[in-house]
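Computed from heavy atoms alone, side chains included, the values below leave out hydrogens, waters and symmetry copies. None of the values given here were measured: they were computed from a predicted structure.
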Number of protein chains: 2
Amino acid sequence: MRVVADPFPHTLRSDARDNRERILDAARALFSADGLDVPMREVARRAGVGPATLYRRFPTKQMLVAEAFADQLHECRAIVDEGCADPDPWRGLCLVIERICELHARDRGFTQAFLSTYPGVKDVAAGREYTVKAVAELARRAKEAGRLRSDFVLDDLILVLMANKGIHATSTVGQVKASRRFAGLVIQAFEACPRHAPLPPPARLTSAPAHDLSR
Amino acid sequence: MRVVADPFPHTLRSDARDNRERILDAARALFSADGLDVPMREVARRAGVGPATLYRRFPTKQMLVAEAFADQLHECRAIVDEGCADPDPWRGLCLVIERICELHARDRGFTQAFLSTYPGVKDVAAGREYTVKAVAELARRAKEAGRLRSDFVLDDLILVLMANKGIHATSTVGQVKASRRFAGLVIQAFEACPRHAPLPPPARLTSAPAHDLSR
DNA sequence: ACCGTAACGGACGCCCCCGTCCGCTTGGGT
DNA sequence: ACCCAAGCGGACGGGGGCGTCCGTTACGGT
């Protein structure tokens, strides 16, 4: 098995480049709708190519996943950047939570990829690192402004992401609606409020053996 | 394939009854730890019986699941009953949320069974019905007492349960800690508070007729 | 102690997924 | 127009889960 993804898509023959795109389109569609557990062959079928072609271009599922979710990863960064740019850090944080939840609600596969530390998908891992770091800073500012409860920890955000992943509806629109409601609830739980009793102790989730948080 | 579960375990021969118990023990252990996706053969292996014996006693996975989770279902009812018996409906509701979340955190398989409407597992379905109805009444009283926010909907509880299912940690203790933290957050989001902004619209998650809490 | 039968479990055939090989097709440079 | 290598996809062997059949074992009533 080749272990390095084809680094030069532009040197491919025209038909090969076409197929590569069709494969990525199929992968995006299937991963988004059904999650990452879709068989490779299903992707190939949908793309209208043979299994060998798929494996030639993307020797491992991880490579296909990484490539397929480049867009979402970019969008993810954009959301975080936008949130960080907001002069009101609390409003920025709320926006990030809402948008990220919606992003994950729309795209089942991305959630799995984002949370799973799919071994070897360094792009996704790096994207998550970036996101986490940026949000940490945002949270710090929101706390300083007195809008975010002081006993909030970053792991709570992971908690929320994982929880959001657990929400399933029959349709995408239902899913988004549910996620939106959920995000609304969570945000109000995060908001500093004198009436709030202290929370149970925070849970450590990030130090996990990094293999699979997704299932 | 036989379609009816052996209704007379007490008429079984002694060795068969033993095996039946060993199968159920194995199923409980595996389902709790790893969820319902454990292969039937794995259960058989763990129970120290052949696959045929397992299938003879439990022709379908649903039957095995239903039987294996009878305990948890009972505990579930007990929790709900205890919550309903509390003179303070809000405290009762909090207790139910906390305990149910913990129950589900300890037992992965039960969560799946409880939420999945595993086709044909009528016992579990009935248990869920009972739970939902009882909690609905509890929520109505908590709202009346002014402690539960007025825009709370029963589907929010399903939402929370599904969300709780999404939370995963590497160890059972970590899992329970995380769920506890999560339940704490959720409860504070549910509590009536003048500072709270209205939530996004509720999401319809159950196909069942909407139990009307509005009154 | 004996024997009929309930109960057992190894082995089978089926299906689906995986990753690879190899003979055929086709793009694109000359 | 020709050619050949890049590219293709059908087909293969391996592995694992599924549900069932049937020859063997051992319970328990007499």
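- Classification of Glu67(B) and Arg20(B) as a salt-bridged pair holds, one side-chain N sitting under 4.0 Å from a carboxylate O.
- As a whole-Å value, the separation of Leu36(A) CG from dC18(C) P is 13 Å.
- Each of Val38(B) and Arg17(B) has a nearest nucleotide on DNA chain D; the 5'-most of these lies closest to Val38(B).
- Rounded to whole Å, atom C1' of dG19(C) lies 15 Å from atom CG of Leu64(A).
- For Arg56(A) against dG19(C), a side-chain-to-base donor-acceptor contact under 3.5 Å is absent.
- Summary of the strand contacts: Asp15(A) and Glu42(A) both lie near DNA chain C, and taking for each the nucleotide with the nearest heavy atom, the more 5' one is attributed to Glu42(A).
- Of the side-chain N and O atoms in Asn19(B), one or more sit less than 4.0 angstrom from OP1 or OP2 of dC8(C).
- For the pair Arg128(B) and Leu161(B), the minimum side-chain heavy-atom distance is 4.5 Å or more.
- The nearest whole Å value for the distance from the CE atom in Met40(A) to the C1' atom in dG19(C) is 9 Å.
- Between the CG atom of Asp18(A) and the C1' atom of dC8(D) there is a distance of 14 Å, rounded to whole Å.
- When rounded to the nearest whole Å, the span between CG of Asp34(B) and P of dG17(D) equals 13 Å.
- By the 4.5 Å heavy-atom criterion applied to side chains, Leu64(A) and Ile23(A) are counted as neighbours.
- Residues Phe152(A) and Leu157(A) are in side-chain contact: their nearest non-hydrogen atoms beyond the backbone lie under 4.5 Å apart.
- Near DNA chain C, meaning a heavy atom under 4.0 Å from it, residues 43-55 of chain A has Ala52(A), Tyr55(A) in order of number.
- Rounded to a whole Å, the CZ atom of Arg20(B) is 16 Å from the P atom of dG9(C).
- Each of Gln72(A), Glu102(A), Glu75(A) was evaluated against Asp107(A); a single residue qualifies, Gln72(A), per the side-chain contact (heavy atoms from CB on, under 4.5 Å) test.
- The ring-ring contact (aromatic ring centres under 6.0 Å, His included) test applied to Tyr55(B) returns no partner, not counting sequence neighbours.
- With hydrogens and angles left out, the side chain of Arg41(B) and the base of dG19(D) share a donor-acceptor pair within 3.5 Å.
- Relative ring orientation between Phe110(B) and His104(B) is described as tilted, the plane-to-plane angle lying within the 30° to 60° band.
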Give me the distances for all protein-to-nucleotides 2-6 of chain C N/O pairs that come in under 3.5 Å?
| from | atom 1 | to | atom 2 | distance (Å) |
| --- | --- | --- | --- | --- |
| dA6(C) | N3 | Arg13(B) | NH1 | 2.5 |

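- Evaluated for a side-chain contact (heavy atoms from CB on, under 4.5 Å) with Asp34(A), the options Leu36(A), Asp37(A), Leu30(A) yield exactly one hit, Leu30(A).
- Of the possible donor and acceptor atoms, one in the side chain of Arg181(A) sits under 3.5 Å from a partner among the backbone N and O of Pro200(B).
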